[in-house]
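In what follows, a single structure is set out as structure tokens and then discussed.
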Amino acid sequence: MGAAGIIVEYNPLHSGHLRLLEAGRAALGPDTAMVCVMSGNFVQRGDFALLRKHARARAAVESGADLVLELPLPWAVASAEGFAAGGVQALAATGVVEHLLFGSECGDVSALERVAAALLAPPFRDRLREVLPGAVSFAAARQRALTGLLPEEDAALLESPNNILGIEYCKALLGQNAPLRPVTIRREGSAHDGTLAPDTHPSASGLRALLRQGKREEALSLLPPAVARAYELEEAAGRAPVFWENSHRAILARLRSMTAADFAALDQGREGIWNRLYDASRAAASLPELLAAAKTKRYAMARLRRMVLWAYLGLTPGDMPERVPYLRVLAANGTGCRLLSRMREAAAVPVLTRPAQVRRLGPEARRLFELEVRATDLYTLAYPRLSAAGGTEWREGPVILGGPAPC
């Protein structure tokens with residue numbers, strides 16, 4: 001049984017994601033097992049996930065995935081480069097995944113690999129140092145630095161969000177010498193952060209926007225059945241929808257309790273962005289107001305949101321281990337359980353099917369899991385109905401569908 005890996009957020013899973021699963025099996029064989037490495041309760045753009053991770057993982061397995069593993073928190077809320085690096089590490093560590101499957105606007109894996117190789121080469125780094133001081137943004141500087149190193153059409157791939165993420169996947173594969181073959185499927189449907197277009201695959205951001213606007217029925221009608229059912233169940237339990245607006249005052253309180261040195265520690269680029277966030281946190285009465293005050297053309301909004309989220313969760317750059325120290329199972333079906341049996345022999349790191357198993361691991365793994373515990377306790381405070389006790393990470397095991405329990 002061959003296996004392909006997908007690095008996902010599923011926030012929420014939509015028909016475009018289903019198409020990727022179907023197209024992947026069409027390209028690699030109908031019996032190919034699909035292994036997802038999925039962000040937990042917080043996501044890469046610096047936001048709370050719409051639904052808690054176990055609900056999203058269950059819906060993913062009911063929609064065609066076979067095994068869902070958690071991408072640990074520090075990588076899930078990192079830059080695109082860190083997100084991709086963590087996902088590739090996790091998939092390679094399974095010992096059973098052979099392909100990395102992802103969507104892209106171009107659908108040309110060779111072109112993405114060319115750009116990735118150029119970004120890792122010394123000539124690019126030299127040129128980037130030359131152009132960065134006068135650039136409006138890092139993204140603009142990166143594309144400008146590639147001029148002359150690649151054909152213009154290859155450099156232009158950095159203008160599209162899914163191409164950018166695909167290039168980061170290819171960089172991670174090359175940088176880690178990971179034994180995974182990249183396979184990309186051309187993305188169709190609404191733009192990544194665009195409005196919903198009729199008669200095409202919706203975007204996750206568009207679906208979230210509908211729910212924020214109170215257009216619940218319209219949003220649910222566009223979701224795959226398993227995802228709509230998961231949403232309704234979580235909503236009935238008072239756990240959905242989760243938006244970071246639900247915790248605005250708690251986040252602002254955390255920011256105002258931080259010192260200038262605390263903010264500076266989060267500014268890995270040492271570009272002074274922490275100064276703007278520090279000043280804004282003292283004056284703003286809402287998060288939108290804070291972000292608007294800190295935003296400039298040089299700093300992407302997602303970067304500002306990530307820094308705010310890291311601050312709220314109490315994360316620091318030192319909290320990211322050098323390597324993913326374990327693989328935590330969130331959901332599986334019968335095929336996924338058979339993969340887990342192989343992984344117990346082939347995986348490069350421990351595979352956790354019960355939270356308590358982390359107590360047997362080393363201090364680095366235990367520290368990482370404690371970060372997850374704290375982050376989830378903060379996440380549950382954003383539920384519409386404040387009824388969840390803390391410590392749920394220690395009590396909730398994987399969702400097993402159609403396989404032995406435990407598997």
Side-chain angles (χ1 to χ4, degrees), residues 7 9 43-47 74-88 102 104-106 111-175 191-194 205 263-280 290-311 315-317 320:
I7 304 166
E9 291 184 330
V43 294
Q44 195 265 336
R45 65 192 300 270
D47 204 354
W75 289 278
V77 295
S79 65
E81 183 177 32
F83 176 83
V88 167
F102 58 91
S104 63
E105 287 86 359
C106 72
L112 299 175
E113 288 180 309
R114 287 195 298 272
V115 178
L119 291 174
L120 291 172
F124 166 77
R125 293 193 290 271
D126 294 341
R127 286 183 58 84
L128 183 62
R129 280 193 292 268
E130 294 173 6
V131 303
L132 191 57
V136 173
S137 67
F138 177 79
R142 185 166 66 167
Q143 190 166 349
R144 183 178 171 190
L146 281 176
T147 303
L149 301 179
L150 285 172
E152 185 176 338
E153 59 270 22
D154 281 356
L157 295 176
L158 287 168
E159 297 173 0
S160 303
N162 289 281
N163 285 343
I164 291 171
L165 195 51
I167 289 165
E168 293 298 344
Y169 292 148
C170 292
K171 277 176 57 186
L173 292 172
L174 290 170
H192 178 75
D193 282 321
S205 59
F263 277 90
L266 296 174
D267 188 4
Q268 291 178 278
R270 298 292 182 264
E271 298 177 72
I273 185 175
W274 68 269
N275 273 310
R276 298 186 64 87
L277 278 175
Y278 176 77
D279 291 341
L290 180 148
L291 292 169
K295 180 78 177 74
T296 70
K297 289 183 179 180
R298 186 170 183 83
Y299 306 129
M301 183 63 77
R303 182 178 175 190
L304 293 170
R305 290 175 65 102
R306 279 194 298 274
M307 287 185 69
V308 168
L309 183 61
W310 276 60
L315 289 173
T316 67
M320 182 179 284

Which of these passes side chain to side chain contact (heavy atoms under 4.5 Å, CB included) with L158: I167, N163, L150?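 Among I167, N163, L150, the one meeting side chain to side chain contact (heavy atoms under 4.5 Å, CB included) with L158 is I167.
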
Return the [atom1] to [atom2] distance between [X] and [Y], rounded to the nearest 0.5 Å.
X: E130; Y: R144; atom1: CD; atom2: CZ; result: 9.5 Å
X: W75; Y: I7; atom1: CH2; atom2: CD1; result: 13.0 Å
X: R298; Y: L132; atom1: CZ; atom2: CG; result: 5.5 Å
X: D47; Y: E9; atom1: CG; atom2: CD; result: 9.5 Å
X: L174; Y: L119; atom1: CG; atom2: CG; result: 10.5 Å
X: L112; Y: L157; atom1: CG; atom2: CG; result: 6.0 Å

Between the side chain of [X] and the main-chain N/O of [Y], is any donor-acceptor distance below 3.5 Å?
X: W310; Y: V77; answer: yes
X: R127; Y: T147; answer: yes
X: D267; Y: I273; answer: yes

Please report the C-alpha distance between L128 and L146 in whole Å, then the side-chain angles of each, then the deciding distance to 0.1 Å, and finally whether the side chain to side chain contact (heavy atoms under 4.5 Å, CB included) criterion is met. CA-CA 8 Å; L128 183 62; L146 281 176; over 6 Å; no

Give me the atom names and distance for the closest heavy-atom approach of [X] to [Y].
X: K171; Y: E81; answer: NZ-OE2, 3.2 Å
X: F124; Y: A145; answer: CE1-CB, 3.6 Å
X: M307; Y: F263; answer: CE-O, 4.4 Å
X: M320; Y: A78; answer: CE-CB, 4.0 Å
X: E113; Y: C170; answer: CG-SG, 3.8 Å
X: K295; Y: A300; answer: CE-C, 4.2 Å

Please step through side chain to side chain contact (heavy atoms under 4.5 Å, CB included) for the pair L315 and L309, ending with a clear verdict. CA-CA 8 Å; L315 289 173; L309 183 61; over 6 Å; no

For R142, give me all partners under side chain to side chain donor-acceptor pair (under 3.5 Å), at least two apart in sequence or on another chain.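 Result, side chain to side chain donor-acceptor pair (under 3.5 Å) vs R142: E168.
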
Test: salt bridge (Lys or Arg N to Asp or Glu O under 4.0 Å). Region: residues 150-166. Which pairs qualify, not counting sequence neighbours?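 Residue pairs passing salt bridge (Lys or Arg N to Asp or Glu O under 4.0 Å), neighbours aside: R114-D154.
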
Does a side-chain N-to-carboxylate-O contact under 4.0 Å join R276 and D279? no

Enumerate the residue pairs fulfilling ring-ring contact (aromatic ring centres under 6.0 Å, His included) with a member in residues 125-172, sequence neighbours excluded, ordered by first and then second residue.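 Qualifying pairs, neighbours excluded: F102-Y169.
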
